[in-house]
2 protein chains.
Amino acid sequence: MPDQEGEELVERAEPGPEMEIVHLLRAVAVDLGRHSTRFAQRNGMHPTDVRALIALMDAARAGEETTAGHLGTALGLNSAGTTALVDRLERAGHVRRVRDARDRRKVTIEVDERAIALGWSHFGPLIDRAVDLLRGYDERELAAIRGFLTGMRKAAV
Amino acid sequence: MPDQEGEELVERAEPGPEMEIVHLLRAVAVDLGRHSTRFAQRNGMHPTDVRALIALMDAARAGEETTAGHLGTALGLNSAGTTALVDRLERAGHVRRVRDARDRRKVTIEVDERAIALGWSHFGPLIDRAVDLLRGYDERELAAIRGFLTGMRKAAV
DNA sequence: TCTATTATCTCGCTCAGCAAGATACTTGTT
DNA sequence: AACAAGTATCTTGCTGAGCGAGATAATAGA
């Protein structure tokens with residue numbers, strides 16, 4: 001073990017108070033991922049299935065229909081993987097396949113109400129806690145949080 | 001609001017300014033995940049391999065040796081999966097297996113310098129951008145960001 | 001020493017996801 | 001109308017990450 005000041009090779013950027021927050025953000029991302037994974041395993045699902053349900057519910061919230069193809073693209077799956085994914089979700093009763101009336105090649109995916117309720121039961125408390133936390137900050141502090149997160153999104157693309 | 005239940009329903013049905021930040025945080029977590037995945041695919045690795053390298057480098061930064069068992073536990077793999085993971089990483093030249101001299105049952109995993117450099121070349125710019133962003137905030141704003149992220153970590157466990 | 005415990009590895013298997021191609025429907029052209 | 005080209009999904013066959021069970025090797029305790 002090195003008896004010197006420790007962080008010469010790993011910590012290229014000067015480790016100021018900023019680096020602590022950078023690591024914190026990464027840790028949060030990992031922890032949120034684990035939280036999803038736990039939800040998946042408890043309900044006999046795979047991480048991809050959860051990602052799919054979230055993508056479907058996001059689209060529904062934005063008022064958009066999601067076709068099988070759309071879903072696969074959003075998750076980075078090819079058509080075969082997408083079919084298998086929707087098969088799994090449908091078999092578990094979380095979604096329904098509905099043939100589009102206008103273009104009968106398309107299959108739109110609808111999320112079952114019970115899957116939505118299941119999701120809320122797991123993610124609801126976490127969201128409530130987040131809202132609670134955020135209510136403790138004033139407008140300038142909220143703007144800082146919003147600005148940092150928005151900036152990181154842009155940087156991560 | 002006079003009615004507690006009513007307030008919660010409104011909170012869920014009608015997202016306030018807080019919900020925007022909640023969704024933003026989730027989006028950041030997803031985007032950071034995608035950023036990792038891209039790094040993995042560009043270098044012929046799987047998401048788990050990247051998670052492993054990050055875990056190994058985190059431990060190294062904290063001055064801890066990581067054994068195969070430790071690594072598997074950290075990633076939620078069983079022993080067979082861990083062996084396969086280390087095999088992959090070693091085959092790619094990213095890590096070395098080193099038998100512990102004191103307890104010869106143990107195998108400590110050392111990350112190759114070139115893997116560290118590779119990681120920096122991909123994650124460095126993102127980290128630099130984060131540090132840049134954070135330098136634009138004063139102490140109270142930084143405390144808000146730190147507090148929110150710390151609170152979310154605790155909530156996600 | 002002999003036994004129990006711990007750490008890693010081996011073997012056989014399951015299943016998510018890929019590549020290629022089949023099938024079904026729509027649209028454009030003649 | 002009929003036919004070709006394009007688009008959306010599904011089928012088939014395969015690869016490989018990760019699991020369960022158990023083997024192997026080293027240490028610790030009596």
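Throughout, protein chains are lettered first and strands after them, A, B, ... in sequence-line order, and every chain is numbered starting at 1.
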Taking atom [atom2] of [N] as reference, at what distance in whole Å does atom [atom1] of [X] sit?
| X | N | atom1 | atom2 | result |
| --- | --- | --- | --- | --- |
| A/Asp100 | D/dC10 | CG | P | 13 Å |
| A/His70 | D/dT9 | NE2 | C1' | 14 Å |
| B/His46 | D/dG18 | NE2 | P | 8 Å |
| A/Lys106 | D/dT7 | NZ | C1' | 9 Å |
| A/Leu77 | D/dC10 | CG | C1' | 15 Å |
| B/Met45 | D/dG16 | CE | C1' | 16 Å |

Contact state string [nucleotides 22-30 of chain D, B base, S sugar-phosphate only, - no protein heavy atom under 4.0 Å]: ----BS---
A/Thr67 side-chain proximity, nearest of C/dT8, D/dT9, C/dA20: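 Of the candidates, D/dT9 comes closest.
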B/Ala68 side chain, from C-beta outward: closest of C/dT8, C/dT10, C/dC18: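 Taking heavy atoms from C-beta onward, the closest nucleotide is C/dT8.
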Earlier contact from the 5' end, DNA chain C, for A/Ala80 and B/Thr108: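 Mapping each residue to its closest nucleotide by heavy atoms, the 5'-most match is B/Thr108.
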Criterion side-chain contact (heavy atoms from CB on, under 4.5 Å) against B/Tyr137, the qualifying member of B/Glu141, B/Glu139, B/Arg135: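 With B/Tyr137 as partner, B/Glu141, B/Glu139, B/Arg135 yield a single side-chain contact (heavy atoms from CB on, under 4.5 Å), made by B/Glu141.
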Of residues 81-93 of chain A, the positions that come close to DNA chain D - non-hydrogen atoms, cut-off under 4.0 Å: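 Residues of residues 81-93 of chain A that come under 4.0 Å of DNA chain D are, in numerical order, A/Thr83.
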Is [Y] close to [X] at the side-chain level, that is, under 4.5 Å between some pair of heavy atoms?
| X | Y | answer |
| --- | --- | --- |
| A/Arg88 | A/His46 | yes |
| A/Leu53 | A/Met45 | yes |
| B/Asn43 | B/Val50 | no |

Side-chain ion pair, A/Glu90 and A/Arg97, N-O less than 4.0 Å: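 Yes, charged N to carboxylate O under 4.0 Å.
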Note: B/Asp138-A/Arg140 ion pair, threshold 4.0 Å (strictly below):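 Looking at A/Arg140 together with B/Asp138, the answer is yes, because their closest N to O distance falls below 4.0 Å.
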Distance-only donor-acceptor hits, side chain of residues 149-157 of chain A, under 3.5 Å, sequence neighbours excluded:
residue: A/Thr150; atom: OG1; partner: A/Arg146; partner atom: O; Å: 2.7
residue: A/Arg153; atom: NE; partner: B/Asp31; partner atom: OD2; Å: 2.7
residue: A/Arg153; atom: NH2; partner: B/Asp31; partner atom: OD2; Å: 3.3

Distance flag, aromatic centroids of B/Phe39 and B/Phe123, threshold under 6.0 Å: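 Yes, the ring of B/Phe123 comes within the 6.0 Å limit of the ring of B/Phe39, centre to centre.
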Under-4.0 Å side-chain N/O to phosphate OP1/OP2 contact, A/Asn78 with C/dC18: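 For A/Asn78, the contact criterion (side-chain N or O under 4.0 Å from OP1 or OP2 of C/dC18) is met.
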Sugar-phosphate, base or nothing in reach of B/Gly76, heavy atoms under 4.0 Å: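 Sugar-phosphate, no base atom in range.
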B/Arg104, CZ: over 12 other non-hydrogen atoms inside 6.0 angstrom: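 No - once you tally the heavy atoms of other residues, nucleotides and ligands closer than 6.0 Å, there are 12 at most.
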